[in-house]
Amino acid sequence: MKEQRVDEVEDRISKLPEPILHHFMGLLLAKDAARMSTLSKTWYAAWSSLPYLNFGDRFFYREVHGRWILSENIQELVHIVDQTLANRKKHKISVQKFWLKVPSSYQMSSSYVHNWIKILVTSNIKELILKVCESDSSFDSLPEELFVAERLNILNLRGFTLELPLDHGIKFSFLRNLRLTDTYLDEKLIQDLCASCVCLEKLRLSCCRGLASLQIAASLLKLKTVWLCCLPELQIVDIAAPYLENLYIESQLWNLQVVKITCSKSLKTLCIVDVYVTDGWLKDLLVNQPKLECLSLSGCLKLQTIKISSDRLKYLSLSWCLELIDVELETPNLTRFRCECDENLPTLKLMKASVFLVVELEFSLTNILDSHWYSVLMKFLGNFKQSKAIKLDCCNKNGIVIPKHMRENLVTPLYGTNANWHIIFNTFGDCSLMDILDSLLWISPQLDTLTFVRESNLNSTLKFIYEDASAEGCLNSWNGLFDYHRRKELHLLAGDDEEAIADIEKLLMVSLLFGAFKEV
């Protein structure tokens with residue numbers, strides 16, 4: 001078969017329907033899509049009518065030695081955006097998506113942004129993502145035309161001041177997703193938004209000012225997700241959306257005083273950070289939200305007692321609830337439990353959990369540890385005999401190296417548990433890797449897999465294999481080394497950390513000499 005010349009090869013891509021070409025070009029940044037328009041008349045026509053204009057976050061920036069700095073050619077770049085939108089307005093082309101991050105107003109007049117928004121509204125914009133690189137009061141308001149963009153589905157704004165329009169009101173009839181970041185909000189504006197956006201499904205407010213209270217109306221029947229993060233003036237939250245499923249509330253410096261959740265029994269995920277919630281508040285919430293599957297409580301300094309009985313809960317995270325004393329869980333489908341704390345471990349009673357439970361523990365230990373700490377730790381770990389895996393992150397390695405003179409008075413907490421252990425550390429401090437391994441094998445004699453990970457992500461993994469499934473790990477101490485009579489093999493599965501490998505190999509060499517392990 002004769003080879004065809006390049007200029008004779010059929011251009012099949014250019015013969016694709018224009019909507020498909022639009023799809024391809026819509027996956028690119030606008031500047032890259034514009035370059036493709038030079039390939040042929042077909043591609044030029046597709047670019048000229050492209051309804052997806054993604055200029056991205058770096059259109060007004062250039063890269064210098066790996067850093068992004070503001071371009072010196074701002075006016076030229078502004079002219080490109082002007083011409084692109086003017087062309088679509090002239091030919092009455094619908095713009096479905098527009099994404100752009102603009103410089104602050106002292107570098108570029110806000111009149112350009114106002115004009116672009118007016119064109120986009122007349123072009124039936126559906127998705128608008130507009131950001132200012134720094135919050136600037138010169139962008140004191142957006143044109144009122146924005147609030148009558150009836151076709152708008154997604155609105156994502158950052159760095160603007162939003163005020164209630166005087167003439168038109170709010171007519172976001174089809175708005176599904178509203179995200180406001182680093183924005184000054186008018187409280188009446190948010191109330192009217194919640195009252196008028198009947199199709200709203202997601203609401204996210206982050207680092208916004210001007211809100212002392214927030215009421216989310218029961219009329220928002222489609223609202224599924226609310227995210228409230230770092231609103232420094234917010235003190236009261238009242239959420240009545242009847243079918244809300246996901247709620248994230250993070251207070252700033254514990255300024256949020258009242259959280260009222262009166263939505264119907266539909267909540268599945270709840271995350272509360274740095275809010276003064278009480279035992280009674282949490283108890284009432286759990287009673288009224290039986291479908292809750294994921295619960296995360298962090299920095300809730302007034303919580304002292306948590307009692308949960310639920311067959312729906314799958315994930316529970318308790319982080320830095322420093323006054324927490326007692327935790328009682330009857331959660332047969334709990335598959336992940338996470339706890340972060342200091343020396344003051346709460347008393348844990350895990351009555352039921354899934355056999356697939358993965359446990360994540362992070363201890364920040366600063367004080368001198370005594371026998372009481374080790375006794376409490378052993379009781380705490382004893383709750384996880386049926387767990388599938390345990391991940392432990394401890395800044396003080398002495399916290400998990402049980403002194404040998406104390407072991408006589410303590411019960412091995414995880415005897416009979418074939419769990420996988422994942423240990424994260426920075427340095428060993430006063431403890432060697434052999435000390436840590438020795439202690440962990442006392443804590444969990446039937447250990448299956450042990451992985452050591454440094455923060456640099458270097459890791460070493462030990463795999464223990466037994467003679468049979470019912471073999472017991474008989475524990476005897478001789479010269480500081482353990483003899484696991486029933487343990488058949490020990491594999492060094494992975495090793496990227498040379499220091500850790502060397503220490504493990506020393507342990508293996510000595511253990512082999514005394515018959516603790518069989519060489520493979």
K.L.:
Taking the basic N atoms (NZ, or NE/NH1/NH2) and the acidic carboxylate oxygens, is any pair closer than 4.0 Å for Asp279 and Lys283?
P.N.:
no
K.L.:
Under a 4.5 Å cut-off applied to non-hydrogen side-chain atoms, are Ile261 and Leu285 in contact?
P.N.:
yes
K.L.:
Could you check whether any side-chain heavy atom of Tyr374 comes within less than 4.5 Å of a side-chain heavy atom of Leu369, counting everything from C-beta outward?
P.N.:
yes
K.L.:
Using a 3.5 Å distance criterion without hydrogens, assess whether the side chain of Thr335 forms a donor-acceptor pair with backbone atoms of Lys314.
P.N.:
yes
K.L.:
With sequence neighbours left out, what residues match Glu201 under side chain to side chain contact (heavy atoms under 4.5 Å, CB included)?
P.N.:
Arg176, Lys222
K.L.:
Shortest non-hydrogen contact from Asp274 to Ser251?
P.N.:
O-CB, 2.9 Å
K.L.:
Could you check whether any side-chain heavy atom of Tyr276 comes within less than 4.5 Å of a side-chain heavy atom of Leu256, counting everything from C-beta outward?
P.N.:
no
K.L.:
Quick one: do Glu293 and Lys268 make a salt bridge, cutoff under 4.0 Å?
P.N.:
no
K.L.:
Could you list the residues that satisfy side chain to side chain contact (heavy atoms under 4.5 Å, CB included) with Asp370, not counting sequence neighbours?
P.N.:
His372, Trp373
K.L.:
For the residue pair Trp320 and Asp342, what are the closest heavy atoms and their distance?
P.N.:
CZ3-N, 3.6 Å
K.L.:
Testing the basics here: between Ser219 and Cys194, what is the closest heavy-atom pair and its distance to 0.1 Å?
P.N.:
OG-O, 4.0 Å
K.L.:
Can a salt bridge be assigned to the pair Glu330 and Lys307 using a cut-off of 4.0 Å between side-chain N and carboxylate O?
P.N.:
no
K.L.:
Show your reasoning for whether side chain to side chain donor-acceptor pair (under 3.5 Å) applies to Tyr243 and Glu245.
P.N.:
CA-CA 6 Å; Tyr243 301 111; Glu245 295 182 356; over 6 Å; no
K.L.:
For Tyr248 and Thr225: C-alpha separation, side-chain torsions, deciding distance, then whether side-chain contact (heavy atoms from CB on, under 4.5 Å) applies.
P.N.:
CA-CA 8 Å; Tyr248 178 95; Thr225 300; over 6 Å; no
K.L.:
Report the C-alpha separation of Leu286 and Leu295 in whole Å, then their side-chain angles, then the decisive distance to 0.1 Å, and conclude whether the side-chain contact (heavy atoms from CB on, under 4.5 Å) test is met.
P.N.:
CA-CA 10 Å; Leu286 294 173; Leu295 175 62; 4.2 Å; yes
K.L.:
Parallel, tilted or perpendicular: which describes the rings of Phe380 and Phe363, with under 30° parallel and over 60° perpendicular?
P.N.:
perpendicular
K.L.:
Considering only NZ, NE, NH1 and NH2 on the basic side and carboxylate oxygens on the acidic side, decide whether Arg158 and Asp57 come within less than 4.0 Å.
P.N.:
no
K.L.:
Show your reasoning for whether salt bridge (charged side-chain N to carboxylate O under 4.0 Å, His left out) applies to Glu362 and Lys391.
P.N.:
CA-CA 8 Å; Glu362 184 172 340; Lys391 179 179 178 180; over 6 Å; no
K.L.:
Is there a side-chain contact between Leu180 and Leu185, using heavy atoms and a 4.5 Å cut-off?
P.N.:
yes
K.L.:
Between Asn177 and Leu155, is any pair of side-chain heavy atoms under 4.5 Å apart?
P.N.:
no
K.L.:
Begin with the C-alpha distance, continue with both residues' side-chain angles, and end with the deciding distance and a verdict on salt bridge (charged side-chain N to carboxylate O under 4.0 Å, His left out) for Asp438 and Arg407.
P.N.:
CA-CA 12 Å; Asp438 175 83; Arg407 299 181 191 179; 3.0 Å; yes
K.L.:
Here's a test for you: under side-chain hydrogen bond (donor to acceptor under 3.5 Å, both in side chains), which of Gln191, Glu233, Glu187 qualifies with Ser213?
P.N.:
Glu187
K.L.:
Which pair of non-hydrogen atoms, one from Cys208 and one from Asp182, has the smallest distance, and what is that distance?
P.N.:
SG-N, 4.1 Å
K.L.:
Does the ring of Phe356 carry Lys388 above it, NZ/CZ under 6.0 angstrom from centre and within 45° of its axis?
P.N.:
no
K.L.:
Looking only at heavy atoms, what is the nearest atom pair of Leu292 and Ser310, with distance?
P.N.:
O-OG, 4.3 Å
K.L.:
Closest approach of Trp254 and Gly299, non-hydrogen atoms and distance?
P.N.:
NE1-O, 2.8 Å
K.L.:
Apply salt bridge (charged side-chain N to carboxylate O under 4.0 Å, His left out) to residues Glu360 and Arg336 and explain how you reach the verdict.
P.N.:
CA-CA 8 Å; Glu360 297 182 28; Arg336 187 177 174 190; 2.8 Å; yes
K.L.:
List the steps, then state whether side-chain contact (heavy atoms from CB on, under 4.5 Å) holds for Asp238 with Val259.
P.N.:
CA-CA 6 Å; Asp238 185 355; Val259 177; over 6 Å; no
K.L.:
With a 4.5 Å cut-off on side-chain heavy atoms, are Ile154 and Leu128 touching?
P.N.:
no
K.L.:
Is the shortest heavy-atom distance from the side chain of Ile190 to the side chain of Leu214 under 4.5 Å?
P.N.:
yes
K.L.:
So do Leu221 and Pro242 actually touch side chain to side chain, heavy atoms under 4.5 Å?
P.N.:
yes
K.L.:
Take atom NZ in Lys224; do more than 12 heavy atoms of anything else shown fall under 6.0 Å from it?
P.N.:
yes
K.L.:
Of Leu205, Asn255, Val237, which is the lone residue that meets side-chain contact (heavy atoms from CB on, under 4.5 Å) with Leu231?
P.N.:
Leu205
